[in-house]
Number of protein chains: 2
Amino acid sequence: MAPDSFIEEIQQKQKIHDETSALTRYEVPLVTVDVVLFTVQDSRLKVLLIQRKSDPFIHSWALPGGFIHIGEHLVEAAKNRLAEETSVTDVYLQQLRAFGKANRDPRGRVITVGFYALVSAERLRPEAHANAEHLDWHCVTELPELAFDHRLIVDTALDTLEAHLETTPIAYQLLPKKFTLTELQRVYELIKEKQLDKRNFRKKIMASGMLKDTGETKMEGYHRPAQLYSFADTELKVMHAQPV
Amino acid sequence: MAPDSFIEEIQQKQKIHDETSALTRYEVPLVTVDVVLFTVQDSRLKVLLIQRKSDPFIHSWALPGGFIHIGEHLVEAAKNRLAEETSVTDVYLQQLRAFGKANRDPRGRVITVGFYALVSAERLRPEAHANAEHLDWHCVTELPELAFDHRLIVDTALDTLEAHLETTPIAYQLLPKKFTLTELQRVYELIKEKQLDKRNFRKKIMASGMLKDTGETKMEGYHRPAQLYSFADTELKVMHAQPV
DNA sequence: TGAATAGTGTCTTTCAGACAATATGCC
DNA sequence: GGCATATTGTCTGAAAGACACTATTCA
């Protein structure tokens with residue numbers, strides 16, 4: 001091979017233009033993060049999806065995410081890619097696991113670290129949607145076909161979320177700061193996908209000591225107003241800094 | 001820069017000699033797998049560690065593991081690196097999660113996917129130790145200082161193992177095919193780090209339907225022989241192929 | 001007073017945990 | 001018989017689950 005064309009080829013390879021060139025350049029697996037962001041809207045559990053603008057899977061829906069930069073901790077990478085792609089910040093983030101089937105990305109070898117995130121509808125800035133035509137919330141029960149193995153990641157997130165619900169006070173991450181017991185029960189019912197008994201639910205929640213009565217009430221419609229509660233442990237409210 | 005030296009430099013960069021050159025070559029995070037291999041020996045829960053022969057952390061103890069090859073699924077990579085470094089094969093493998101603090105490897109940006117593995121002492125070939133002077137089992141209660149963030153990975157593995165013990169029949173992975181109820185109870189006690197009541201333990205285990213009475217007995221010492229059991233679900237005995 | 005949701009208590013069943021005596025084998 | 005471990009059942013307390021009526025607000 002002539003030195004000139006060889007240099008050219010090498011120089012070409014050395015330059016990263018976009019995701020695809022990064023993928024073909026190296027002989028090592030690349031690493032991305034993908035975030036399954038949940039919220040509750042209109043009494044439905046929803047996931048934020050982005051419609052892809054490029055191949056592969058052009059026009060398909062996919063999870064927000066992207067490549068990890070060289071100096072970023074994993075959680076930071078997840079936060080940053082989510083913020084860049086969706087303008088959503090200050091979410092509760094938890095790692096699921098790594099997803100690394102050798103053929104999960106047709107462009108090359110890409111391992112992704114999946115996260116789930118929770119955000120309450122009230123914390124969502126409407127601007128996040130304004131500039132992003134190809135970004136939308138989808139009910140977890142009516143998901144479109146997803147790009148890559150993102151369906152597996154979403155399903156893993158749903159299972160993990162349900163398991164965490166029983167062991168960790170995370171449901172409030174999907175609610176406003178002050179909420180009624182009925183609203184809290186709705187969140188549990190949506191995640192567990194089954195109806196719960198009102199008396200048993202309240203008995204259990206109140207016994208757990210998670211909640212603090214704010215003394216305020218909430219009127220909505222022509223009926224008895226409901227007590228408003230907040231989560232008792234303010235320590236738990238700060239974003240969970242997990243070791244990664 | 002003269003073309004010749006440029007080509008030379010590029011060619012140099014293109015060649016991966018060892019882990020360190022791979023680490024300095026790329027501007028992207030690299031990915032490894034690390035395996036926390038547990039076994040029960042002499043009534044102790046032990047972890048397999050390797051003494052490092054090179055910097056960083058030279059002479060420190062570390063988990064078996066290594067770089068993921070371009071075509072390997074994650075689990076395959078874990079199996080292969082474990083086999084290469086320790087000659088141990090046919091283990092039960094389960095992913096923990098990705099560990100990716102930006103500074104966890106002083107050589108550069110390395111993200112590792114942690115696994116835990118279970119192997120029964122009887123399945124361990126003695127040869128695995130013969131050729132490997134720098135490879136040894138360590139009691140989980142008396143671990144030396146570990147390289148990198150491997151202590152965090154081991155602690156995560158212990159927590160995960162304990163959690164899985166309650167939800168999945170995995171304890172038999174640490175036992176011979178046929179075992180006594182007392183032996184099974186020892187495994188539970190070692191992992192949970194507390195003593196269990198013999199009657200309550202047997203009641204629960206037998207109620208779960210996990211076990212099958214082999215009809216055989218085991219004599220050991222001058223006392224009543226114990227019944228030998230095996231795990232009932234042969235499906236569960238095959239190595240668990242998880243989606244990655 | 002009618003409509004709509006908030007709020008509350010009892011009974012039953014199930015599961016976890018404390019607890020001790022008998023059985024079997026070999027010396 | 002003595003020794004060592006295997007094997008077995010009852011009682012109690014806690015938590016989960018089934019179940020129905022009263023309270024409050026406004027039109």
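Chain letters run A, B, ... following the sequence lines, proteins first, then strands; residues in each count from 1.
- Close approach of DNA chain C to chain B, defined as any atom under 4.0 Å from a non-hydrogen atom of the protein, starts and stops at C:dG17 to C:dC27.
- Between the side chain of B:K203 and the base of D:dT10, a donor-acceptor pair under 3.5 Å is found.
- Rounded to an integer number of Å, the gap from NZ of A:K192 to C1' of D:dA16 is 11 Å.
- Here the side chain of A:R104 pairs a donor or acceptor atom with the backbone of A:V110 at under 3.5 angstrom.
- At least one donor-acceptor pair under 3.5 Å links the side chain of B:T214 to the backbone N or O of B:E216.
- If you measure from atom CD1 of A:I205 to atom C1' of D:dA16, you get 14 Å, rounded to the nearest angstrom.
- Following rounding to the nearest Å, B:L181 (CG) and D:dT7 (P) show an atom-to-atom distance of 6 Å.
- Contact annotation for B:T182: backbone-only contact, meaning every heavy-atom pair under 4.0 Å involves sugar-phosphate atoms and none involves a base.
- Mapped onto DNA chain C by nearest heavy atom, B:K204 and B:R199 fall at different nucleotides, with B:K204 at the one closer to the 5' end.
- Taking atom CZ of residue B:R224 and atom C1' of nucleotide D:dT5, one finds them 9 Å apart after rounding to whole Å.
- The residues B:K79 and B:E76 are annotated as not salt-bridged, no charged nitrogen and carboxylate oxygen being separated by less than 4.0 angstrom.
- Checked for salt-bridge contact, B:R44 and B:E142 meet the test: a charged N lies under 4.0 Å from a carboxylate O.
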*ring-ring contact (aromatic ring centres under 6.0 Å, His included) assessment of B:F179 paired with B:Y229*: CA-CA 5 Å; B:F179 50 87; B:Y229 293 84; 7.3 Å; no
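- Here A:E220 lies out of heavy-atom contact (under 4.0 Å) with every strand.
- Heavy-atom contacts from other residues, nucleotides or ligands closer than 6.0 Å to NE2 of A:H59 number 12 or fewer.
- Straight-line distance from the CG atom of B:L211 to the C1' atom of D:dT7: 15 Å, rounded to whole Å.
- Nearest-nucleotide assignment on DNA chain C puts the 5′-proximal partner with A:H223, out of A:H223 and A:N200.
- Rounded to whole angstrom, the span from the CD atom of B:Q185 across to the P atom of D:dT8 amounts to 14 Å.
- Between A:D197 and A:G221, the residue whose closest nucleotide on DNA chain D is further toward the 5' end is A:D197.
- Between A:E220 and A:K218 a salt bridge is recorded (basic side-chain N to carboxylate O distance below 4.0 Å).
- The distance from atom CD of A:E189 to atom C1' of D:dG17 is 15 Å, rounded to the nearest whole Å.
- One atom, CZ of A:F201, and another, C1' of D:dC19, lie 18 Å apart when rounded to the nearest Å.
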